[in-house]
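Presented below is the structure to which this report refers.
The figures here come from the full heavy-atom set of this structure, side chains too, leaving out hydrogens, waters and symmetry mates. First listed ligand is number 1; within each ligand, the first listed atom is number 1.
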Amino acid sequence: MYNYRELGLVNTREMFQKAYKEQYAVPAFNFISIEQYNAIIDAAAEKRSPVILLASPNLHKQLGYEMVARVVQAGTDRLKNMDMEIPVALHLDHGMSFEQCVAAVENGFSSVMIDGSALPFEENIALTKRVVEYAHERDVTVEGELGVLSGAEEEGDENRGESSYTDPAMVEEFVKRTGVDCLAVSVGTCHGLVKLKVNDDGTLPELRYDLIEDMQKRLPGFPLVLHGASTIRPEWVDMINQYGGKVEQAVGIPEEQIEKAVKMAVCKVNIASDGWICALANTRRILAENPGAIDSRVFTLKNRPILKELYEHKIEIMGSQQKY
Ligand code: 13P
């Protein structure tokens with residue numbers, strides 16, 4: 001059992017208030033390896049950016065909550081030793097049940113997501129409200145989700161089928177009835193590597209800024225969350241394919257679209273896939289270039305600065321640099 005404050009963490013409330021007021025988003029990065037985690041902390045320190053560490057229930061299966069908490073604490077200690085007052089939150093990404101949220105909070109998470117988006121509206125409200133009541137008693141913040149983002153979130157996840165845009169009138173009712181601190185909405189992003197359907201003239205569709213604007217008018221000051229916001233750089237997809245992989249299709253969200261959304265009510269942007277494919281592409285390349293390697297450090301050590309550069313770039317896109 002841990003309290004998140006013992007781990008050097010904060011909840012997301014004040015982070016979002018500042019981000020909303022100053023029109024940027026707090027970057028939220030999924031991590032699945034120690035070098036990826038170290039690269040996130042390196043980048044946040046270099047850029048003096050707040051950061052939200054995203055750990056999914058699958059990370060718990062891989063490492064266990066205890067290990068996740070310990071690893072995270074090592075990073076926040078490193079910031080403290082550098083005299084860096086950078087706020088760091090540890091957030092359960094896509095918690096699917098009340099019990100998963102409780103387990104995360106008991107193990108030091110400072111923020112949880114309860115994803116009831118596949119449930120009927122009233123059931124989503126009831127589940128989210130239950131998590132909010134439990135979490136707020138412990139000063140932990142809660143993210144809900146309304147509207148469906150298609151695509152698989154992680155290796156092995158099921159693709160959730162067609163996306164459906166979030167209805168702003170339902171957002172207003174959902175937020176008022178549940179008391180959530182922020183809400184993931186579906187406005188044109190999507191999980192996985194194929195996020196957009198290219199228009200017949202070769203251009204890419206735009207995010208639905210009109211929906212974001214409508215939500216902002218109905219709930220002034222309320223932070224929205226963009227999931228599925230990776231750019232999916234073609235050079236990494238090409239590198240994966242060049243070194244033996246087989247990724248046939250990939251279309252990400254153009255960075256200009258994210259830059260525009262963070263100046264509106266979007267205060268948290270989730271990035272997982274860009275980190276996965278960056279690490280994987282470079283791992284494949286490094287292994288091909290070092291056929292005699294007998295130790296995984298041949299790629300883990302080299303991947304850390306490459307990942308750091310990626311996360312620094314993402315911080316710039318979200319406008320969260322030099323905020324602390
Ligand atoms: P990407 O797959 O676009 O990185 O989205 C990640 C995400 O939303 C995790 O919750």
Side-chain angles (χ1 to χ4, degrees), residues 12 25-33 36-37 39-40 43 51-60 62 68 89-96 100-101 104 109 111-118 141-160 163 166 182-197 204-205 207 223-234 236-237 240 247 249-255 257-259 261-262 266-281 307 310-311 313-315 317-318:
T12 57
V26 181
F29 299 131
N30 289 77
F31 68 100
I32 49 171
S33 69
Q36 193 175 27
Y37 175 64
I40 293 168
V51 70
I52 298 173
L53 304 163
L54 298 180
S56 70
N58 283 345
L59 185 69
H60 165 58
Q62 187 188 338
V68 173
L90 174 61
H91 176 81
L92 178 70
D93 193 27
H94 292 284
M96 300 309 285
Q100 276 179 357
C101 293
F109 283 57
S111 178
V112 291
M113 173 181 192
I114 178 70
D115 179 357
S117 60
T141 38
V142 180
E143 173 180 331
E145 179 166 333
L146 195 59
V148 175
L149 263 74
S150 74
E153 268 127 43
E154 293 184 291
E155 196 73 57
D157 280 353
E158 270 176 49
N159 187 322
R160 299 214 255 162
S163 284
T166 309
C182 61
L183 187 68
V185 291
S186 177
V187 292
T189 58
C190 161
H191 292 113
L193 293 198
V194 185
K195 300 185 180 298
L196 299 173
K197 196 166 169 288
L204 290 174
L207 295 181
L224 300 175
V225 179
L226 271 192
H227 281 240
S230 278
T231 317
I232 317 293
R233 281 192 204 161
W236 289 329
V237 177
I240 290 175
V247 177
Q249 250 196 319
V251 188
I253 307 291
E255 287 178 345
Q257 298 198 21
I258 304 296
E259 283 173 319
V262 304
V266 171
C267 293
K268 171 174 177 271
V269 176
N270 284 18
I271 301 289
S273 302
D274 280 341
W276 309 157
I277 62 169
C278 171
L280 192 66
L307 285 165
L310 162 71
Y311 293 122
H313 176 69
K314 292 287 169 194
I315 286 170
I317 296 299
M318 296 186 205

Examine the side chains of [X] and [Y] and answer whether a donor and an acceptor come within less than 3.5 Å of each other.
{"X": "His60", "Y": "Gln100", "answer": "no"}
{"X": "Thr141", "Y": "Thr12", "answer": "yes"}
{"X": "Glu143", "Y": "His94", "answer": "no"}
{"X": "Ser56", "Y": "Asn58", "answer": "no"}

Please determine if Ile271 has a nitrogen or oxygen closer than 3.5 Å to a nitrogen or oxygen of ligand 1.
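No, there is no polar N/O contact under 3.5 Å.
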Check: His227 N/O within less than 3.5 Å of ligand 1 N/O:
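Checking ligand 1 against His227, an N or O pair does fall under 3.5 Å apart.
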Determine, considering heavy atoms only, which of Gly228, Gly192, Ala184, Ser273 sits nearest to atom 8 (O) of ligand 1.
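Considering heavy atoms of Gly228, Gly192, Ala184, Ser273, the nearest to atom 8 (O) of ligand 1 sits in Gly228.
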On a heavy-atom basis, which atom in Val112 and which in Cys101 lie closest, and how many Å separate them?
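Minimum heavy-atom contact is CG1-O, 4.0 Å.
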Closest heavy-atom contact between Val262 and Glu259?
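Closest approach of Val262 to Glu259: CG2-O, 3.4 Å.
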Which atoms of ligand 1 sit under 4.0 Å from any heavy atom of [X]?
{"X": "Asp93", "result": "9 (C), 10 (O)"}
{"X": "His94", "result": "10 (O)"}
{"X": "Ala272", "result": "1 (P), 4 (O), 6 (C)"}
{"X": "Lys195", "result": "1 (P), 2 (O), 3 (O)"}
{"X": "Asn30", "result": "9 (C)"}
{"X": "Ser230", "result": "1 (P), 3 (O), 4 (O)"}

Would you say Met113 touches ligand 1, if touching means a heavy atom closer than 4.0 Å?
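So Met113 does not count as touching ligand 1.
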Applying a 4.0 Å heavy-atom criterion (strictly less than), which segment of Ala229 is in contact with ligand 1: side chain, backbone, both, or neither?
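Answer for Ala229: backbone.
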Should the pair Asp274-Lys314 be classified as a salt bridge under the 4.0 Å nitrogen-to-oxygen rule?
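Salt bridge present between Asp274 and Lys314.
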Can Asn30 and Asn270 be said to form a side-chain hydrogen bond (donor to acceptor under 3.5 Å, both in side chains), step by step?
CA-CA 8 Å; Asn30 289 77; Asn270 284 18; 5.2 Å; no
